[in-house]
Visitor: 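What follows is a structure written as structure tokens; I'll ask about it next.
Please read all numbers here as calculations on a predicted model, not as lab measurements.
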Amino acid sequence: MIRRLLVANRGEIARRVFATCRALGIETVAVYADPDADAPHVREADRAARLPGAAPADTYLRGDLVIAAALRAGADAVHPGYGFLSENAQFAAAVSDAGLTWVGPPAKAVAAMGSKVAAKQTVAEAGVPVLSTVDPEAVERFPVLVKASAGGGGRGMRVVRDRARLADAVAQARREAASAFGDGTVFCEPYLDGARHVEVQLIADAHGTVLALGERECSIQRRHQKLVEEAPSAAVSDELRAKLYTAATAAARAVGYVNAGTVEFLLAPDGEFFFLEMNTRLQVEHPVTECVTGLDLVRLQLLVAEGEPLPMTQAPPVRGHAIEVRLYAEDPGNGWLPSTGVLHRFDVGGPDVRVDAGVDTGAAVTIHYDPMLAKLIAWAPTRREAARILAGALVRARIHGVLTNRDLLVRVLRDDDFLAGDTDTGYLDRHPDVFTPLVSTVDSYARAAALAAAASRRGRFPSGWRNVRALPQVVEYAGGIRVGYEPDETATPERVVLDIGGLRETYHVHRVGDVSYVDGPDGSVALTELPRFPAPEAPSVSGSLTAPLPGTVTRIAVAVGHRVAKGDLLLTLEAMKLEHPVLAPHAGTVAAIRVTAGQQVDGGAVLAVIEGLAVIEGDE
């Protein structure tokens with residue numbers, strides 16, 4: 001039996017595995033890179049081992065260091081979580097060779113499914129329908145999807161609709177895949193417009209039992225990363241479900257699969273489906289399957305790893321509907337780039353919502369790792385009820401310190417087409433309205449912030465003191481927001497009640513420095529108070545191009561003296577395992593490059609200087 005288990009991962013998945021271990025009486029060991037030294041998963045473990053450094057390549061992707069940590073901590077088993085080394089066959093084999101129990105499929109099965117190209121050939125021989133695989137150098141028909149052969153989670157994926165963009169997309173995908181998974185191999189396959197992403201959860205033991213535990217739909221994606229996942233799929237009939245289960249179990253049996261895994265399919269508009277890949281690990285979205293089946297998938301993983309047969313010979317019936325959303329730290333107003341900072345407050349969830357979070361209040365969100373903060377999951381007897389519960393919990397959430405995709409998730413969950421089940425992988429492209437912020441006007445939020453700030457000064461200064469009492473007090477916030485107000489003796493520094501058109505509305509205010517985080521009935525707003533007498537700003541160099549976010553410079557594509565057109569690639573930044581291109585904002589000549597490849601930069605740092613007209617003939 002497993003006595004002490006190390007989770008070779010971080011964040012919410014480490015905490016998720018630890019929760020089951022505690023219930024089963026298994027001791028836990030965490031590993032952590034330096035930025036995670038005080039992370040929740042480290043604090044919750046019985047023991048924790050440091051992996052010196054910050055970058056994934058130096059820490060969580062170093063299998064030798066992880067195994068050494070397990071042995072040093074006296075662990076007898078390793079759970080890989082998802083991402084990082086979870087689908088690395090060499091790591092799985094090395095864990096077993098070290099005398100440790102591997103809580104996952106056999107290394108041979110991981111290897112067989114680890115190369116998506118080889119995996120397609122294997123399952124095709126087992127009668128599973130597949131899309132053709134094309135070498136990037138041999139693509140003739142478009143559109144195609146460039147994909148990383150190793151790993152998943154949208155890393156190393158690009159849709160390409162014409163030949164002119166193929167070479168750059170392949171190069172970017174290779175760099176991103178190498179950074180995230182340590183393997184830059186990529187391939188191409190036909191891209192199907194209007195298709196759905198449907199996957200089947202499997203669990204298999206070493207005694208010949210392979211069970212399909214229902215399907216999930218994960219069609220709502222941005223940048224090929226799943227945002228909303230649900231079980232069961234609203235688009236799958238009983239007849240189609242049986243075919244999907246048969247194909248999924250055939251794929252698993254073809255490689256002698258044992259433990260938990262997921263077979264992903266692309267469901268075409270005409271009802272045909274095609275094998276995409278098999279994830280030889282626990283999926284991010286596994287909670288929705290747990291909610292509708294009543295199973296603990298981590299518990300089943302541990303039992304199977306101990307050599308026990310599954311405690312059932314048939315899958316339990318699916319009950320009700322579950323929806324999961326992924327809450328990311330990202331800036332909606334800046335191209336959804338990752339948002340970093342300190343979480344001054346992180347209060348999410350509710351009595352009917354499961355929260356799997358990797359962070360808590362006070363946690364630092366850094367550039368080094370995935371920007372997902374948490375997963376919120378709601379179960380209800382019907383799909384519409386689950387969506388309503390989840391949307392309500394998100395609106396009431398208090399997330400202060402970083403920007404998030406919360407408003408987008410709420411808009412999706414309340415959208416009529418989503419509620420009708422009319423979704424596919426192009427859903428977000430067809431629904432620009434879901435990108436609209438929940439708060440359409442900040443007037444009442446700014447007034448609440450001003451009144452709360454005045455209440456906080458009440459004990460230090462005479463309330464409402466000013467030279468000319470006939471005029472209201474005025475405060476200005478960034479973005480051109482100006483508020484005039486009369487002090488309200490009922491307001492407190494953290495709670496303000498406003499009467500708006502005969503309706504009372506309550507606003508909760510949390511001030512950190514000059515920033516007031518205001519949570520109201522429609523959502524949340526962060527307001528930065530401007531000083532009454534601002535200090536003069538240092539002049540910036542004309543033509544300076546600054547970093548849109550903190551990150552690491554991975555490539556410089558131009559040199560000083562290089563003539564560039566608007567939109568030309570200047571350099572790339574890597575943050576949170578994604579590559580972000582920095583493009584020329586206008587035509588001109590590169591007058592200076594202020595950074596070097598491999599250098600870490602802060603948001604707003606000057607990267608390059610482009611001299612020339614902001615717009616010249618032929619640029620537009």
Side-chain angles (χ1 to χ4, degrees), residues 1-10 13-32 41-42 44-49 51 60-114 201-211 252 255-262 278-283 286 290 295-312:
M1 292 182 64
I2 295 172
R3 181 179 63 86
R4 184 178 299 167
L5 178 137
L6 179 143
V7 176
N9 219 293
R10 63 180 299 278
I13 185 56
R15 300 180 78 187
R16 165 68 189 90
V17 176
F18 291 161
T20 292
C21 287
R22 283 194 296 273
L24 296 178
I26 297 173
E27 297 176 31
T28 57
V29 181
V31 290
Y32 65 93
H41 80 276
V42 178
E44 291 178 4
D46 297 314
R47 293 171 176 81
L51 304 176
Y60 298 108
L61 287 172
R62 285 284 303 273
D64 56 336
L65 297 182
V66 172
I67 292 172
L71 296 173
R72 188 168 68 252
D76 52 13
V78 172
H79 191 299
Y82 54 72
F84 293 133
L85 294 168
S86 63
E87 294 181 278
N88 186 305
Q90 291 76 23
F91 179 61
V95 169
S96 298
D97 291 344
L100 303 168
T101 298
W102 170 250
V103 185
K108 289 184 178 180
V110 177
M113 290 299 184
Q201 174 69 59
L202 296 177
I203 187 71
D205 62 23
H207 304 274
T209 300
V210 181
L211 300 179
V255 295
Y257 200 83
V258 176
N259 216 275
T262 298
M278 184 173 188
N279 295 129
T280 54
R281 54 175 168 80
L282 199 65
Q283 291 276 88
H286 77 273
E290 294 183 324
L295 297 172
D296 180 335
L297 291 177
V298 174
R299 173 178 175 269
L300 295 180
Q301 283 191 292
L302 294 170
L303 290 175
V304 168
E306 291 176 327
E308 297 292 326
L310 287 169
M312 67 279 191

Visitor: Shortest non-hydrogen contact from Ala252 to Met278?
Guide: CB-CE, 4.1 Å

Visitor: Step by step, work out the side-chain contact (heavy atoms from CB on, under 4.5 Å) result for Val103 and Val78.
Guide: CA-CA 6 Å; Val103 185; Val78 172; over 6 Å; no

Visitor: What's the shortest heavy-atom distance between Ile67 and Ala98, and which atoms?
Guide: CG2-CB, 3.8 Å

Visitor: Can you see which heavy atom on Thr20 is nearest to which on Arg16, and at what distance?
Guide: OG1-NH1, 2.7 Å

Visitor: Do you know the tightest heavy-atom contact between Gly307 and His207?
Guide: O-NE2, 2.9 Å

Visitor: Does the Tyr60 side chain pair with the main chain of Gly63, one donor and one acceptor, at a distance under 3.5 Å?
Guide: no

Visitor: If you round to the nearest 0.5 Å, how far is CG of Leu302 from CG of Leu297?
Guide: 11.0 Å

Visitor: Considering non-hydrogen atoms only, spot the tightest contact between Val42 and Ala30 and give its length.
Guide: CA-CB, 4.2 Å

Visitor: Under 4.0 Å between a side-chain nitrogen and a carboxylate oxygen: does that hold for Asp46 and Arg22?
Guide: no

Visitor: State the NE2-OG distance between His79 and Ser86, to the nearest 0.5 angstrom.
Guide: 9.5 Å

Visitor: Side-chain contact test, heavy atoms from C-beta onward, threshold under 4.5 Å: evaluate it for Pro311 versus Arg299 and give yes or no.
Guide: yes

Visitor: Do Met312 and Leu295 come within less than 4.5 Å of each other through their side chains, counting heavy atoms only?
Guide: yes

Visitor: Heavy atoms, side chains only, cut-off 4.5 Å: are Val304 and Leu310 in contact?
Guide: yes

Visitor: Would you confirm whether Arg47, through its side chain, and Glu27, through its main-chain N or O, come within 3.5 Å as a donor-acceptor pair?
Guide: no

Visitor: Check this for me: Met1, atom CE, are more than 12 non-hydrogen atoms of other residues, nucleotides or ligands nearer than 6.0 Å?
Guide: no

Visitor: Specify the closest pair of heavy atoms between His41 and Ala14, including all atoms of both residues, with the distance to one decimal.
Guide: CB-CB, 3.8 Å

Visitor: Give, for atom CD1 of Ile2 and atom CG of Asp76, the distance between the pair rounded to the nearest 0.5 Å.
Guide: 6.5 Å

Visitor: Could you tell me whether the side chain of Pro105 reaches within less than 4.5 Å of the side chain of Val110, counting heavy atoms only?
Guide: yes

Visitor: side-chain contact (heavy atoms from CB on, under 4.5 Å) between Met113 and Glu87: does it pass, once the steps are laid out?
Guide: CA-CA 9 Å; Met113 290 299 184; Glu87 294 181 278; over 6 Å; no

Visitor: Between atom CD of Gln201 and atom CD of Glu290, what is the distance when rounded to the nearest 0.5 Å?
Guide: 8.5 Å

Visitor: Would you say that Val31 contacts Val7 through its side chain, given a criterion of any heavy-atom pair below 4.5 Å between the two side chains?
Guide: no

Visitor: Please walk me through it: do Arg62 and Leu51 pass side-chain contact (heavy atoms from CB on, under 4.5 Å)?
Guide: CA-CA 9 Å; Arg62 285 284 303 273; Leu51 304 176; over 6 Å; no

Visitor: Do Leu100 and Leu71 have side chains that approach each other closer than 4.5 Å (heavy atoms only, starting at C-beta)?
Guide: yes

Visitor: How long is the span from the CG atom in Asn9 to the CZ atom in Arg15, to the nearest 0.5 Å?
Guide: 14.0 Å

Visitor: Rounded at 0.5 Å granularity, tell me how far CG in Leu300 sits from CD in Glu308.
Guide: 12.0 Å

Visitor: State whether the side chain of Asp296 and the backbone N or O of Val298 hold a donor-acceptor pair below 3.5 Å, judged by distance alone.
Guide: yes

Visitor: Assign the ring pair Trp102 / Phe91 to parallel, tilted or perpendicular, where the plane angle (0 to 90°) is split at 30° and 60°.
Guide: perpendicular

